[in-house]
Colleague: 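Pasting a structure below so you can have a look.
What you see below is based on every heavy atom in this structure, not just the backbone, and it leaves out hydrogens, waters and symmetry mates. It should be emphasised that the depicted structure is a prediction, and the values quoted were computed from it without experimental measurement.
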Amino acid sequence: MKERFTEIKNAIIKRKAELIQWTTPTISYFVIVVVTLIFSLNFSNRSVGTLVEKQFEGAASYYADSFYSAMLCLKEAAGPIVKHAQKDYKGDLTQLLPYLEALKTTAAISEVWVIGRDGEGFDSSGAAVSSAQQDYLDAVVDDDKRVVFMTYGPEEEEVIAYLYPFEDREFTFVSFYDPEQFLVDTSVFKLDVRTWYASINGDGEIMTLKAGNSRMSRTDNVIKHLSEAKIKNFDQKKMLDKMDKKETFLFLADTEYGQRYIVMAPAKINDWYFVLGIPIANYRMLQSRALGPIKLLTVLLPAMMIAFLGVVIRIIMKNDKVVGDQNEQLKVKADTDLLTGLNNKVATEYKIKEYIAQDGRQGMLFVIDIDNFKKINDTMGHAFGDEVLRSIGESLRVAFRSTDVVGRFGGDEFIVFLKNISTEELIQKEADKVYSIFNGYVVGTYTKYKVTASIGCSVFPRDAEDFEGLFKAADAGLYVAKRGGKNQLSFYNTDEKKEND
């Protein structure tokens with residue numbers, strides 16, 4: 001349990017580090033722009049043109065980082081659920097169906113599959129699927145890639161797929177994202193309204209596109225589009241070579257949509273790139289503006305940069321809060337028993353151990369076992385048995401303080417740990433309270449069924465000073481209750497302790 005919480009904590013630290021890493025190039029870029037403007041007083045027209053080109057490259061890099069960060073946040077949101085599923089996997093893919101629904105809900109996934117080693121599996125609705133339906137799957141896993149742009153389903157909808165393979169490829173989660181989720185906020189840099197913004201894969205296929213007032217279309221292929229353009233001092237081979245090296249670069253092209261600066265920045269995922277198509281008019285306007293009242297710009301621009309940085313910092317703080325809330329929700333889901341909504345076994349044990357280690361005040365541990373639960377399942381059906389467990393879980397939850405620990409320990413066994421029980425009178429009172437919950441307890445709307453329970457109780461630190469000993473003592477009390485005819489509560493006593501010793 002501690003290791004799992006450490007993993008979550010490390011994930012949060014890592015995410016914050018990634019946010020810092022993302023902002024550092026942006027801040028550096030602004031510093032470079034300000035310093036460059038100061039020294040541009042004696043620059044020539046060509047020097048100012050170079051400055052504008054650097055601005056374009058900085059904008060492309062910023063949007064590429066934004067695209068990468070958006071995908072990283074969704075991937076990180078799904079990570080804890082995937083890790084938990086891997087720990088719980090016992091060889092049966094149907095065990096993982098609840099995690100598919102959790103992934104779909106928590107990580108904003110359009111659809112998610114789980115595929116076994118044999119290529120067969122299920123989607124989030126439980127319907128059978130096969131990797132044979134998607135030729136890409138085996139190739140992607142073999143290449144050890146994790147993200148792919150593809151068409152999906154009978155309507156060949158374009159999606160971005162992320163793969164989470166289990167060790168030794170025993171199973172793989174495949175999550176499908178709508179590319180529209182990764183559209184960037186184009187308002188950050190005030191470029192011409194005819195500028196188009198696109199993310200492409202290595203083949204030039206457009207994954208996301210904001211076309212602005214341009215005629216660019218999702219069906220266009222950027223590499224093919226540029227191969228047909230007239231490019232001064234640049235050719236397609238040089239462009240592909242820079243893409244292979246994952247460099248940020250730009251060039252001026254005469255395309256069928258007009259003369260534009262094409263600015264390309266690597267998206268840090270596979271061989272994907274983020275591309276800007278900026279009209280030449282935008283370049284000339286910025287160049288003219290820089291050559292005009294440049295002294296005034298050297299005063300105003302730093303103030304604008306500071307204001308923009310304030311916006312960036314605010315966005316980062318807002319994103320950090322959103323990510324923190326998501327992690328808190330994931331932690332709660334990881335600690336919760338899916339059927340009853342109580343603490344699961346791992347969380348129950350951890351919280352009790354934490355109290356014992358940090359507080360030390362007297363407490364009570366109840367081990368509650370539903371009498372004849374197998375008979376309930378056999379005669380009334382498993383659905384009714386689940387209803388019994390849910391009903392008892394809710395009754396236990398509302399009966400005690402929010403600071404107490406109430407959990408389902410597995411099967412038909414529940415745990416209740418009451419904190420800060422200071423007197424013998426209070427011990428007896430709380431024991432009577434627990435027992436009274438099952439006095440005349442009836443479950444069922446149409447079919448009524450009387451449910452009883454056998455309960456064992458131990459007291460910390462009187463009966464044991466650690467969780468294992470405390471649970472063993474309460475379990476011994478439970479054994480006495482069952483041996484005495486069930487439907488009763490039994491304390492652990494010193495005679496039993498001597499026998500156990």
Side-chain angles (χ1 to χ4, degrees), residues 1 337 340 342-376 388-389 392-393 395-401 403-441 450-501:
M1 186 70 181
D337 176 66
T340 63
L342 301 177
N343 292 300
N344 58 24
K345 180 179 180 179
V346 175
T348 300
E349 183 175 336
Y350 175 82
K351 290 178 180 180
I352 295 173
K353 286 182 175 179
E354 184 179 47
Y355 177 82
I356 291 173
Q358 296 180 3
D359 197 301
R361 287 180 290 180
Q362 187 166 256
M364 298 177 68
L365 179 70
F366 295 91
V367 177
I368 303 169
D369 189 85
I370 310 305
D371 293 333
N372 306 313
F373 187 72
K374 184 178 183 302
K375 181 181 177 183
I376 295 175
V388 169
L389 294 175
I392 292 173
S395 297
L396 292 173
R397 184 184 67 80
V398 300
F400 301 102
R401 300 165 297 185
T403 55
D404 294 325
V405 181
V406 182
R408 181 182 172 210
F409 221 55
D412 61 337
E413 189 172 76
F414 294 84
I415 292 286
V416 175
F417 183 78
L418 306 182
K419 300 178 181 179
N420 193 20
I421 306 301
S422 56
T423 66
E424 290 297 322
E425 290 77 12
L426 195 54
I427 289 175
Q428 188 59 51
K429 179 181 176 182
E430 294 297 335
D432 293 340
K433 178 180 176 181
V434 172
Y435 178 70
S436 67
I437 292 174
F438 297 94
N439 186 16
Y441 195 91
K450 183 177 180 181
V451 178
T452 64
S454 299
I455 307 167
C457 177
S458 59
V459 178
F460 166 79
R462 183 182 71 191
D463 297 327
E465 296 183 352
D466 56 33
F467 172 79
E468 288 75 14
L470 202 60
F471 179 83
K472 184 177 180 181
D475 197 51
L478 175 65
Y479 175 75
V480 172
K482 285 184 171 294
R483 187 175 57 187
K486 303 182 180 179
N487 190 23
Q488 56 186 280
L489 183 148
S490 177
F491 279 89
Y492 179 67
N493 59 54
T494 55
D495 292 337
E496 291 168 356
K497 185 174 182 179
K498 291 176 181 178
E499 291 176 9
N500 291 334
D501 291 342

Colleague: Identify whether the distance between the nearest side-chain nitrogen and carboxylate oxygen of Glu425 and Lys429 falls below 4.0 Å.
Modeller: no
Colleague: How many angstroms lie between atom CG of Asn487 and atom CD1 of Ile455, to the nearest 0.5 angstrom?
Modeller: 8.5 Å
Colleague: Can you name the closest pair of heavy atoms from Leu365 and Ala474 and give their distance?
Modeller: O-CB, 3.9 Å
Colleague: Once rounded to the nearest 0.5 Å, what's the spacing between atom CD of Gln488 and atom CG of Leu478?
Modeller: 10.0 Å
Colleague: Got a second to check how far Ile368's CD1 is from Leu489's CG, nearest 0.5 Å?
Modeller: 8.5 Å
Colleague: Got a donor-acceptor contact below 3.5 angstrom from the Ser436 side chain to the Asn439 backbone?
Modeller: no
Colleague: Classify the side-chain pair Asp371/Ser454 by whether it contains a donor and acceptor separated by less than 3.5 Å.
Modeller: yes
Colleague: Report yes if some heavy atom in the side chain of Val480 is under 4.5 Å from a heavy atom in the side chain of Tyr492; otherwise report no.
Modeller: no
Colleague: Which atom names give the shortest non-hydrogen contact between Asp404 and Lys419, and what distance separates them?
Modeller: OD1-N, 3.1 Å
Colleague: Between Ile370 and Tyr441, does a side chain to side chain contact (heavy atoms under 4.5 Å, CB included) hold up when you go through it step by step?
Modeller: CA-CA 11 Å; Ile370 310 305; Tyr441 195 91; over 6 Å; no
Colleague: To check you understand the geometry: which heavy-atom pair defines the closest contact between Val451 and Val388, and what is its length?
Modeller: CG2-CG1, 4.1 Å
Colleague: State whether the number of non-hydrogen atoms from other residues, nucleotides or ligands found under 6.0 Å of Glu465 atom CD is greater than 12.
Modeller: no
Colleague: So, does Arg408 use its side chain to make a donor-acceptor pair with the main chain of Gly411 at under 3.5 Å?
Modeller: yes
Colleague: Please assess Tyr350 against Asn343 for the test side chain to side chain contact (heavy atoms under 4.5 Å, CB included), listing each intermediate value before the final yes or no.
Modeller: CA-CA 10 Å; Tyr350 175 82; Asn343 292 300; over 6 Å; no
Colleague: Take atom NZ of Lys374 as the centre, draw a 6.0 Å sphere, and report whether it contains more than 12 heavy atoms from other residues, nucleotides or ligands.
Modeller: no
Colleague: With rounding to the nearest 0.5 Å, note down the distance linking CZ in Arg462 to CG in Leu470.
Modeller: 10.5 Å
Colleague: Check the orientation of Tyr355 and Phe417. Use parallel for under 30°, tilted for 30 to 60°, and perpendicular for over 60°.
Modeller: perpendicular
Colleague: Judged by atom type as modelled, is there a donor-acceptor pair below 3.5 Å linking the side chain of Lys486 to the main-chain atoms of Thr452?
Modeller: no
Colleague: On a heavy-atom basis, which atom in Asp463 and which in Ala473 lie closest, and how many Å separate them?
Modeller: CB-CB, 4.2 Å
Colleague: Show the numbers, then the answer: is there a side chain to side chain contact (heavy atoms under 4.5 Å, CB included) between Val406 and Phe414?
Modeller: CA-CA 8 Å; Val406 182; Phe414 294 84; 5.9 Å; no
Colleague: Between Val416 and Leu418, which heavy-atom pair has the shortest distance, and what is it?
Modeller: CG1-CD2, 3.6 Å
Colleague: For Asp369, does its backbone N or O pair with a side-chain atom of Asp412 as donor and acceptor, under 3.5 Å?
Modeller: no
Colleague: Could you pull out the closest heavy-atom pair between Phe491 and Ala431, with the gap in Å?
Modeller: CZ-CB, 3.5 Å
Colleague: Answer yes or no: is there a donor N or O on one side and an acceptor on the other, between the side chain of Asn372 and the main chain of Lys375, under 3.5 Å?
Modeller: no
Colleague: Starting at CZ of Phe460, measure out to CE of Met364 and round the result to the nearest 0.5 Å.
Modeller: 14.0 Å
Colleague: Is the shortest distance from a Lys or Arg side-chain nitrogen in Lys345 or Glu413 to a carboxylate oxygen in the other one below 4.0 Å?
Modeller: no
Colleague: In terms of heavy-atom contacts, does OH of Tyr479 have more than 12 from other residues, nucleotides or ligands at under 6.0 Å?
Modeller: no
Colleague: Can you tell me how far the NZ atom of Lys433 sits from the CG atom of Leu426, to the nearest 0.5 Å?
Modeller: 9.5 Å
